[in-house]
Amino acid sequence: MFVDMPLAQLRDYLPAREEPGDFDAFWQRTLEQARSHELDARFERIETEIVTAHVHDVTFNGFGGHPIKAWLLTPVSGPAPCVIEYQGYGGGRGLPVDWLAWPSFGYAVLAVDSRGQGAGGWRRGDTPDPHPGSGPTTPGVMTSGILDPGQHYYRRLYTDAARAVEAARAHPAITRIAVSGGSQGGGIALAAAALTGDVDLALIDVPFMQHIRHAVDITAEYPYQELAVYCKAFKDQVEQVFQTISYFDGLNFAARATAPALYSVALRDGITPPSTVFASFNHYAGADKEIEVYPYNGHEGGESTHLLAKVRKARKVLE
């Protein structure tokens, strides 16, 4: 069982951020390059056995103009706020039936693929990554392009996430927008909120990619362990590895995100250790922020109990 800091200490945990001097310029340049390609958001209505929502097979252009797949489910009752769901590590958009929860509460949902993922054995994906990072890598995506932030996998993934917000805004049945996700999906949601500045609510569950060097130092769990394994092999590259990863650390996005936010954290979580989640939450710039704490849970977090907490937050903010 993983045990981090006591809860009282976690609530006050505000470590220094390791932020590159050109962080804002890097991301401004990245988004400008992405937006030089037409978004070309396409929503193809498809027939399914689902009767409570209209289902659309979505394609939009992300980083490099690469086509990104998603599902959009909209309530049959008409226009509604949309929750954009980003995926956990290794997962993809799956099938439309996987995304019935939010339409059941009267919301649209846009379930966005993670490029190059979705073959991890738990939810399929349909979006390739035609621009893999260069150099040797450990299994997984954490070390793809690890010696150059311009080549790193998460530059592409976070850019796709920001463009997904733009795609959702383009649909006439969507009124307001929340970003949501657990683990990697929570980290992506936070990055999208910060990069676009154009979301109404951020729902960030047990987020991955927060306070990354600290996480690598205190947990032996994957995916953070991918970085440790790489550094074990390439001892002379350790500082360059963590310099690159600082461009994708959620603490730096948290300091720039201002939308109302609901985080969740589980105190027995060794995959996204509680101190990394509280570090992100405590750096979050928005004044309207809350965190739900699940003392006896691991990386599964608050499960259905927390889904209901997110619905209650959405009711307050989006309606």
Side-chain angles (χ1 to χ4, degrees), residues 19 22-41 43 58-70 72 81-87 102 107-115 127 149 152 154-181 184-205 207-210 247-263 280 283-289 310 313-314 317-318:
E19 180 182 303
D22 65 340
F23 183 88
D24 290 317
F26 172 84
W27 281 108
Q28 180 179 356
R29 181 172 65 252
T30 296
L31 293 176
E32 287 175 352
Q33 290 172 357
R35 289 168 181 151
S36 70
H37 302 276
E38 292 292 333
L39 180 63
D40 195 21
F43 303 89
V58 180
T59 309
F60 64 91
N61 292 334
F63 179 91
H66 303 154
I68 308 300
K69 298 298 293 183
L72 175 66
C82 179
V83 178
I84 303 177
E85 285 281 1
Y86 301 105
Q87 311 309 318
W102 285 110
Y107 296 96
V109 62
L110 181 70
V112 184
D113 242 357
S114 293
R115 60 167 62 221
T127 303
H152 196 262
Y154 279 92
R155 182 183 185 223
R156 303 190 291 281
L157 188 66
Y158 288 173
T159 302
D160 297 342
R163 299 230 83 190
V165 174
E166 297 171 10
R169 289 283 185 204
H171 195 279
I174 291 173
T175 57
R176 307 187 75 194
I177 289 180
V179 289
S180 176
Q184 176 185 253
I188 300 171
L190 174 58
L195 290 173
T196 66
D198 189 32
V199 304
D200 301 293
L201 175 63
L203 302 168
I204 303 166
D205 296 334
F208 181 54
M209 296 291 283
Q210 316 295 304
Y247 286 87
F248 311 101
D249 194 316
L251 268 61
N252 297 325
F253 293 114
R256 292 164 168 80
T258 59
L262 176 64
Y263 276 68
S280 177
H283 274 293
Y284 193 87
D288 179 1
K289 62 179 182 180
K310 293 195 290 185
K313 184 70 172 180
V317 174
L318 299 179

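- Contacts of Thr59 classified as side chain to side chain donor-acceptor pair (under 3.5 Å), with partners at least two apart in sequence or in another chain: Lys69.
- Annotation for Asp160 and Phe63: closest pair OD1-N, 2.9 Å, computed over non-hydrogen atoms.
- Legend: residues meeting side-chain contact (heavy atoms from CB on, under 4.5 Å) with Ala194, ordered by chain and number and at least two apart, are Phe253, Arg256, Ala257.
- Qualifying side chain to side chain donor-acceptor pair (under 3.5 Å) partners for Gln210, counting only residues two or more places apart in sequence or in other chains: Ser280.
- The salt bridge (Lys or Arg N to Asp or Glu O under 4.0 Å) analysis of residues 164-181, with sequence neighbours excluded, yields the pairs Arg35-Glu166, Arg163-Glu166, Arg169-Asp198, Arg169-Asp200, Arg176-Asp200.
- Contact annotation: the side chain of Phe23 never approaches that of Asp249 to less than 4.5 Å [non-hydrogen atoms, C-beta and beyond].
- The CG atom of Asp24 sits 6.5 Å away from the CD atom of Glu19 when rounded to the nearest 0.5 Å.
- Evaluation of the ring-ring contact (aromatic ring centres under 6.0 Å, His included) rule for Tyr247 yields Phe26 as partners, not counting sequence neighbours.
- His283 meets the ring-ring contact (aromatic ring centres under 6.0 Å, His included) test with no other residue; sequence neighbours excluded.
- Residues that satisfy the side-chain contact (heavy atoms from CB on, under 4.5 Å) test with Ala161, not counting sequence neighbours, are Tyr86, Ile188, Ala192.
- In this structure, the side chain to side chain donor-acceptor pair (under 3.5 Å) partners of Tyr154, at least two apart in sequence or on a different chain, are Gln184.
- In this structure, the side chain of Lys313 does not engage the main chain of Leu203 through any donor-acceptor pair within 3.5 Å.
- Minimum heavy-atom separation, Trp27 to Arg155: CH2-CA, 3.8 Å.
- Of all non-hydrogen atoms in Ala70 and Leu110, the two that sit nearest each other are CB-CD1, 3.8 Å.
- In terms of heavy atoms, Ala34 sits closest to Thr159 at CB-CG2, 3.5 Å.
- Atom OG of residue Ser36 and atom CG of residue Leu31 lie 11.0 Å apart, to the nearest 0.5 angstrom.
- Closest heavy-atom contact between Leu72 and Cys82: CD1-SG, 4.3 Å.
- The closest donor-acceptor contact from the side chain of Asn61 to the backbone of Glu38 lies under 3.5 Å.
- Listed here is the closest heavy atom pair of Thr127 and Pro67: CG2-O, 3.5 Å.
- With sequence neighbours excluded, the residues satisfying salt bridge (Lys or Arg N to Asp or Glu O under 4.0 Å) with Asp205 are Lys310.
- Under the side chain to side chain donor-acceptor pair (under 3.5 Å) criterion, Tyr158 pairs with no residue at all, not counting sequence neighbours.
- Every residue meeting the side-chain contact (heavy atoms from CB on, under 4.5 Å) condition with Ala314, not counting sequence neighbours, appears here in chain and number order: Trp102, Tyr107, Leu201, Leu318.
- Looking at residues two or more places apart in sequence or on another chain, you find a side-chain contact (heavy atoms from CB on, under 4.5 Å) between Thr175 and Pro79, Pro81.
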